[in-house]
Amino acid sequence: FLQELAPHETGVRAVCSSHHEASTSTLLVTCGGKLSMAFYRMDELIENGESDFHVHYLGTNKLLVKPSIDHRINAVSAIPLYSDGVDSNDSHLVLSGDSNGSLHVFFVQENANQSRKIIGHLLCTDSRPILCIATVRLSEDHILVLAGDTGGQVQVWCLSGRVTDEGLSNLPSQPIHIYQAHQNGTNCVDAIILSQDTSNSQKFNVRICSGGDDQALTVCSAQVEIDMSTDDKHQNLLFQEVHFKVFEGASSSALKGIKAMQDKNTRGARLYCVGYDQRISLWHLNEIACDESLHFISSSVSDVDDISALDCISCEDENGCTREIAIAAGEGMEMVSFTTSIPRAARALNTCDYLLITVGAGFSADSGLATYEHMPAEYQNMCDPTTLVRETRRFQEYWLNFAHTYASTDPHHGYSILEKWCGGSKLKKLQSELGISTQQSEDEKSLMTPLS
């Protein structure tokens, strides 16, 4: 599928999409210079088992003043809205930030008959230029909006997660929280709800992650509580117990993209980030409240130059294993696939008290030793214990030579891995059965030979 859309008057600066889970259509938003924004609806059509898309133009943003050529949209984000009295599958909240520091809010419906000039609302003006925006749904009635600026700050706004027949109304006049995340330039931001207080359904543990020009990652943890004593959905969100930690030197250059992914099988989440150093890094984010710790997992070098964006999706492969695909974009685009079961297995090994290893003779195959089904007929004869009685000398010579062959064969790399796990204190919590130390002497290590 390929369709060329109408060009912006100047370069395209930001793109986003929003999709209702039960819908077959998606809202597409493109932004560029002179504060231009265009809205499209993409319809997925399946014919004869093949998928196709049709794109319908919905309109542009209505400008109240004539912008200069240097006045541009830098960031945009969209999220589906729940609706009261209007079609529940076609309403979206769109937020964009511009180079003058204004944060624009739009209520957009996937209705081709609506006005082609969509009016926006301003949340704030005359602040530092906004570089990034992220949205996350807290509840049916609440959406958190995060905006990072050139001064290194992150603004946290609360907007209603529902719309009425009148569209958006009663917008907040100020953010619920502002914090200094970076020394300068918050280039990317994302948030994730790690857990909900089991004793109070109105409390949530939220992590806000950001990357900046200072080459640092910043993690902000907060407990967000919905105050049920007031009906004002913009004022009844309590942002409390705020802690944040800066991880300096997380990248060797400015960070430009970040994405947090919920881990459904283990505690916490995974955090992907990328910067001008062309390295996609993966971190583990702890779930424990008031714990902003990050643990580095792995990284991969990208061939894409001038990386400026990052996104990530989760899917299942043909074996039913969950895979996450990170997409880095700049002067080109590159996808990196990651199997989520690998860090889960590593975490299980690092926290285990005992480790049971079961192997068969085939474990030695990679050392160059033949397995039973590939042995000559003589081997099968010598496995018969009656041969020891009938041909004692031949039997003993055969198995002596067999033992020498195994003793003189270098074990494959798997043996050294197990040796590090079980005898080299690689797994700190590992205990041996009956309280025997897992430390091995040099003589014991020399006894490791391939399994026969």
Side-chain angles (χ1 to χ4, degrees), residues 194-195 260-272 280-289 291-300 314-324 326 336-375 383 399 402-452:
L194 283 184
S195 63
M261 298 292 291
Q262 188 81 51
D263 192 330
K264 298 179 181 179
N265 299 296
T266 61
R267 297 168 64 87
R270 283 175 294 278
L271 186 68
Y272 293 83
I280 302 174
S281 300
L282 177 60
W283 305 71
H284 176 256
L285 190 61
N286 206 332
E287 181 194 27
I288 302 174
D291 184 354
E292 304 80 39
S293 60
L294 274 178
H295 302 283
F296 177 77
I297 297 177
S298 183
S299 66
S300 174
S314 179
C315 60
E316 285 192 359
D317 61 19
E318 60 276 7
N319 298 318
C321 296
T322 301
R323 300 184 72 85
E324 289 175 350
V336 177
S337 177
F338 176 77
T339 303
T340 61
S341 60
I342 295 176
R344 189 161 69 248
R347 199 170 298 115
L349 286 169
N350 276 321
T351 57
C352 72
D353 296 313
Y354 297 94
L355 180 64
L356 174 64
I357 302 171
T358 60
V359 297
F363 190 66
S364 297
D366 287 338
S367 298
L369 298 170
T371 54
Y372 181 82
E373 59 270 21
H374 297 104
M375 286 291 188
C383 287
W399 287 112
F402 197 90
H404 287 163
T405 300
Y406 269 75
S408 60
T409 299
D410 293 330
H412 62 70
H413 186 55
Y415 284 89
S416 62
I417 293 176
L418 293 178
E419 183 180 359
K420 291 177 181 178
W421 287 0
C422 301
S425 298
K426 185 73 173 179
L427 306 182
K428 302 299 182 183
K429 295 186 65 178
L430 193 64
Q431 306 174 34
S432 65
E433 191 60 58
L434 303 178
I436 301 174
S437 172
T438 57
Q439 296 287 342
Q440 281 187 316
S441 66
E442 292 301 319
D443 291 339
E444 289 174 320
K445 292 180 181 180
S446 67
L447 296 177
M448 288 198 68
T449 57
L451 297 173
S452 60

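Under the side chain to side chain donor-acceptor pair (under 3.5 Å) criterion, T339 pairs with R323, not counting sequence neighbours. Every residue meeting the side chain to side chain donor-acceptor pair (under 3.5 Å) condition with T371, not counting sequence neighbours, appears here in chain and number order: E373, H374. H404 meets the side chain to side chain donor-acceptor pair (under 3.5 Å) test with no other residue; sequence neighbours excluded.
Taking all atoms of both residues into account, the shortest heavy-atom contact from A326 to Y272 is CB-CD2, 3.9 Å. The two residues R270 and L282 come nearest to each other via the heavy atoms CB-CD1, 3.9 Å. Of all heavy-atom pairs between W283 and I297, the closest is C-CD1, 3.9 Å. Scanning all heavy atoms of the two residues, the minimum distance from A370 to Y406 falls at O-OH, 4.1 Å.
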Take L194 and Q262, measure what side chain to side chain contact (heavy atoms under 4.5 Å, CB included) needs, and give me the verdict at the end.
CA-CA 7 Å; L194 283 184; Q262 188 81 51; 4.1 Å; yes
Take Y415 and L418, measure what side chain to side chain contact (heavy atoms under 4.5 Å, CB included) needs, and give me the verdict at the end.
CA-CA 5 Å; Y415 284 89; L418 293 178; 5.7 Å; no
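Going from atom CG of D353 over to atom CG of L355 covers 11.0 Å, rounded to the nearest 0.5 Å. Here L369 contributes atom CG and T409 contributes atom OG1; the two are 4.5 Å apart, rounded to the nearest 0.5 Å. If you take OG on S298 and CZ on F338, they are separated by 7.0 Å, rounding to the nearest 0.5 Å.
For the pair H412 (side chain) and G368 (backbone), a donor-acceptor distance under 3.5 Å is absent.
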